[in-house]
Amino acid sequence: MAGETVITVVGNLTSDPELRFTPSGAAVANFTVASTPRTLDRQSGEWKDGEALFLRCSIWRQAAENVAESLVRGARVVVTGRLVQRSFETKEGEKRTVVELQVDEIGPSLRYATARVTKVSRNNNETGGPGGDAWGAAPVSAGVGVTEEPPF
């Protein structure tokens, strides 16, 4: 990722993620994150909202399907990705340039909420236990002090 602008944004989804599929079958989810800075006005003792940033985002493949299934409008999220600039021409012939975020990672913010994570099983048998899930494999015991209870 040398030379790319990588950023992390914390904000709220402005609508439910929109899941689409390309003609070749690749999933892509598009959504907008709104991030509003808040500062404390020391004279009044009140919090003041700053200028909101609305950042259009896209995520691809299995992660796109996970986002569409897991996140909804208003959800507070933490998003990391690469800023990309794209130019296009409108139907009226006007040239436009937009800056968007190609998302690498996204998850719910746990600052004001809780979440339960469910690992998605893969179709290929790469390693490990049932269904190719390395985390689903039985633990390998060293033989000393082994119990059937998990260590946590």
Side-chain angles (χ1 to χ4, degrees), residues 1-41 44-139 150-152:
M1 282 202 253
E4 295 178 326
T5 305
V6 178
I7 66 167
T8 300
V9 178
V10 178
N12 294 33
L13 297 184
T14 62
S15 62
D16 290 347
E18 175 190 331
L19 181 65
R20 295 180 300 112
F21 292 88
T22 65
S24 64
V28 60
N30 294 302
F31 53 92
T32 300
V33 174
S35 181
T36 307
R38 300 191 87 201
T39 55
L40 180 62
D41 182 339
S44 67
E46 295 179 5
W47 288 96
K48 305 276 183 178
D49 286 342
E51 205 52 45
L53 167 70
F54 292 90
L55 188 58
R56 195 75 184 135
C57 304
S58 61
I59 189 165
W60 290 82
R61 298 175 189 76
Q62 182 63 50
E65 295 182 48
N66 296 346
V67 164
E69 187 175 317
S70 304
L71 300 173
V72 295
R73 177 182 186 265
R76 187 170 176 85
V77 294
V78 179
V79 183
T80 300
R82 294 160 281 123
L83 282 180
V84 292
Q85 182 172 298
R86 182 171 61 85
S87 297
F88 63 96
E89 196 170 302
T90 66
K91 294 175 185 174
E92 295 79 29
E94 299 172 329
K95 292 185 179 183
R96 300 278 173 92
T97 301
V98 294
V99 176
E100 300 172 322
L101 187 64
Q102 289 290 325
V103 177
D104 294 320
E105 297 285 340
I106 182 172
S109 169
L110 301 181
R111 187 173 200 169
Y112 304 114
T114 61
R116 183 169 307 278
V117 176
T118 305
K119 188 172 184 320
V120 175
S121 62
R122 296 182 181 213
N123 294 336
N124 55 2
N125 287 331
E126 292 175 356
T127 58
D133 182 5
W135 294 101
F152 43 86

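- Side chain of Ser35 to main chain of Leu53: no donor-acceptor pair is present (N/O by atom type, distance under 3.5 Å, no hydrogens or angles).
- In this structure, CD1 on Ile59 lies 8.0 Å from CG on Asp104, to the nearest 0.5 angstrom.
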Stepwise side-chain contact (heavy atoms from CB on, under 4.5 Å) check, Ile7 with Leu55: CA-CA 11 Å; Ile7 66 167; Leu55 188 58; 4.1 Å; yes
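- Applying the salt bridge (Lys or Arg N to Asp or Glu O under 4.0 Å) test to Glu100 and every residue at least two apart in sequence or in another chain returns Arg86.
- Remark: Arg56 pairs with no residue by the salt bridge (Lys or Arg N to Asp or Glu O under 4.0 Å) rule, at least two apart or across chains.
- Of all heavy-atom pairs spanning Ala27 and Phe21, the tightest one is CB-CE2, 3.5 Å.
- The two residues Ala115 and Pro108 have their closest heavy-atom pair at CB-CG, 3.9 Å.
- For the atom pair CG of Asp41 and CH2 of Trp47, the computed distance is 11.0 Å after rounding to the nearest 0.5 Å.
- If you take CZ on Arg61 and CG on Asn66, they are separated by 13.5 Å, rounding to the nearest 0.5 Å.
- Scanning for salt bridge (Lys or Arg N to Asp or Glu O under 4.0 Å) contacts around Asp49 gives Arg38, with sequence neighbours left out.
- Proximity of Val6 to Leu83: side-chain heavy atoms (C-beta onward) are nowhere separated by under 4.5 Å.
- Side-chain contact between Trp60 and Thr22: present, with at least one pair of heavy atoms (C-beta onward) separated by less than 4.5 Å.
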Check residues 72-81 and write down every donor-acceptor pair under 3.5 Å in which the side-chain atom is one partner and the other belongs to a residue at least two apart or another chain.
| unit_1 | atom_1 | unit_2 | atom_2 | d |
| --- | --- | --- | --- | --- |
| Arg73 | NE | Thr14 | O | 3.4 |
| Thr80 | OG1 | Thr8 | OG1 | 3.1 |

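- Counting heavy-atom neighbours within 6.0 Å of Glu51 CD, excluding the residue itself, gives a total of 12 or less.
- Around CD of Glu105, the count of heavy atoms belonging to other residues, nucleotides or ligands within 6.0 Å does not exceed 12.
- Arg111 pairs by the salt bridge (Lys or Arg N to Asp or Glu O under 4.0 Å) definition with nothing, not counting sequence neighbours.
- The OG atom of Ser15 lies 7.5 Å from the CG atom of Leu13; values are rounded to the nearest 0.5 Å.
- When Glu18, Arg20, Glu65 are each tested for a side chain to side chain contact (heavy atoms under 4.5 Å, CB included) with Val28, only one passes: Arg20.
- Between Val103 and Phe31, some side-chain heavy-atom pair lies under the 4.5 Å cut-off.
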Steps toward side-chain contact (heavy atoms from CB on, under 4.5 Å) verdict (Gln85, Val98): CA-CA 6 Å; Gln85 182 172 298; Val98 294; over 6 Å; no
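- Counting heavy atoms from C-beta outward, Arg82 and Leu101 have side chains that stay 4.5 Å or more apart.
- Among residues two or more places apart in sequence or in another chain, the side chain to side chain donor-acceptor pair (under 3.5 Å) test is passed with Glu69 by none.
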